[in-house]
Amino acid sequence: MNNAIVPSTLLLTLLLSVGLFFFIRASTKDRTTKAELVSEQDEAALMPKVKEYFRQRSYQVVAIDREKNQVIFEGFVQPSLFLALFLTLLASAGMACLALVLSLLFPNFGNWFLGLLLLSPLSGVFYWQKAGRIEKVSLHIEEATQDKLGFISKLTIIAHRDELMEFQRALQLESAD
């Protein structure tokens with residue numbers, strides 16, 4: 001094999017490994033966002049549905065600010081077993097590629113580099129420890145003036161983006177944008 005091919009392949013594999021490292025690290029990143037949603041229902045009809053939604057999702061009310069008409073919910077978000085296994089599988093593939101290139105570059109140590117595969121479960125453990133955390137949801141409901149579109153209530157919610165999408169879908173709310 002050409003002497004320039006293996007080192008350049010090693011360089012590309014190392015660059016891909018860096019990308020994999022940052023991908024695994026980003027899997028636990030906090031993705032809290034703010035959204036303004038509108039509803040055709042008034043606050044009295046909407047609030048029981050909101051409370052029931054969060055109760056079903058194992059959130060509990062931790063603070064109520066009546067002056068600001070704001071409620072803060074808190075709940076533990078479970079990490080995804082599928083994602084932990086998927087990240088472990090990706091790390092295994094990345095480590096196998098790195099071990100293969102290193103064994104080509106240093107043939108005397110060939111099979112020892114396969115020991116890198118033993119590091120791949122650490123990615124799943126890392127995700128599992130960091131992704132399971134307490135999430136807070138801040139909800140502010142205000143009566144909106146009924147405009148030409150017919151919306152009565154406006155909700156400002158700060159939560160994880162996946163929770164926001166599920167909340168919007170479950171209560172059939174529309175974006176205020």
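Owing to the predicted nature of the structure, the values given are computational and were not obtained by experimental measurement.
Rounded to the nearest 0.5 angstrom, Ser39 OG and Lys49 NZ are separated by 7.5 Å. Summarising the geometry, atom CH2 belonging to Trp128 is positioned 14.0 Å from atom OG1 belonging to Thr28; distances are rounded to the nearest 0.5 Å. Interatomic distance, CG of Leu173 versus CD of Gln168, reported as 6.5 Å (0.5 Å rounding). Between the NZ atom of Lys29 and the NZ atom of Lys130 there is a distance of 15.0 Å, given to the nearest 0.5 Å. In this structure, the separation between CG on Leu164 and OG1 on Thr33 is 4.5 Å, given to the nearest 0.5 Å. Between the NE2 atom in His140 and the CD1 atom in Ile158 there is a gap of 10.5 Å [rounded to 0.5 Å].
Shown are Phe167, Phe54, Tyr53; of these, the ring-ring contact (aromatic ring centres under 6.0 Å, His included) with Phe73 is made only by Phe54. Between Val50 and the options Leu171, Ile157, Val137, a side-chain contact (heavy atoms from CB on, under 4.5 Å) holds for only Leu171.
Smallest separation of non-hydrogen atoms from Pro79 and Gly132: CD-CA, 3.7 Å.
Under a 4.5 Å side-chain heavy-atom criterion applied to ILVMFWY residues, the cluster that includes Ile134 comprises Phe76 as well.
Taking a 6.0 Å sphere around CG of Asp30, one finds it holds more than 12 heavy atoms contributed by other residues, nucleotides or ligands. Heavy-atom neighbours of Gln172 CD from other residues, nucleotides or ligands within 6.0 Å: at or below the threshold of 12.
Proximity of a side-chain donor or acceptor of Ser123 to a complementary backbone N or O of Leu87 within less than 3.5 Å is detected.
At a threshold of 4.5 Å between side-chain heavy atoms, the hydrophobic network of Ile, Leu, Val, Met, Phe, Trp and Tyr places Tyr127 and Leu117 in two separate groups. Each of Ile141 and Val38 belongs to its own hydrophobic cluster when Ile, Leu, Val, Met, Phe, Trp and Tyr are linked at side-chain heavy-atom distances under 4.5 angstrom. Tyr59 and Ile72 are assigned to two separate hydrophobic clusters, defined by single-linkage of ILVMFWY side chains at heavy-atom distances under 4.5 Å. Under the 4.5 Å side-chain heavy-atom criterion for grouping Ile, Leu, Val, Met, Phe, Trp and Tyr, Phe126 is not connected to Leu116 through any hydrophobic cluster. In the hydrophobic cluster analysis, where Ile, Leu, Val, Met, Phe, Trp and Tyr join through side-chain heavy atoms closer than 4.5 angstrom, Leu119 is grouped apart from Leu100.
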* Asked: What's the verdict on side chain to side chain contact (heavy atoms under 4.5 Å, CB included) for Leu14 and Leu98, showing C-alpha distance, side-chain angles and the deciding distance?
  -> CA-CA 7 Å; Leu14 289 175; Leu98 182 60; 3.8 Å; yes

* To do: Apply the test side chain to side chain contact (heavy atoms under 4.5 Å, CB included) to residues Val71 and Lys51: give CA-CA distance (whole Å), side-chain angles for both, the deciding distance (0.1 Å), then the verdict.
  => CA-CA 10 Å; Val71 180; Lys51 286 181 183 177; 5.9 Å; no

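Every pair passing salt bridge (charged side-chain N to carboxylate O under 4.0 Å, His left out) that includes a residue from residues 158-167 is listed here, sequence neighbours excluded: Arg57-Glu163, Glu166-Arg169.
Side-chain contact between Leu104 and Thr9 is absent, with no heavy-atom pair separated by less than 4.5 Å.
Relative ring orientation between Phe106 and Phe109 is described as perpendicular, the plane-to-plane angle rising above 60° on a 0-90° scale split at 30° and 60°.
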Could you list the donor-acceptor pairs under 3.5 angstrom formed by side chains in residues 15-27, with sequence neighbours left out?
residue : atom : partner : partner atom : Å
Ser17   : OG   : Thr13   : O            : 2.9
Ser27   : OG   : Ile24   : O            : 2.5

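Taking 4.0 Å as the cut-off between side-chain N and carboxylate O, Arg55 and Glu52 count as a salt-bridged pair.
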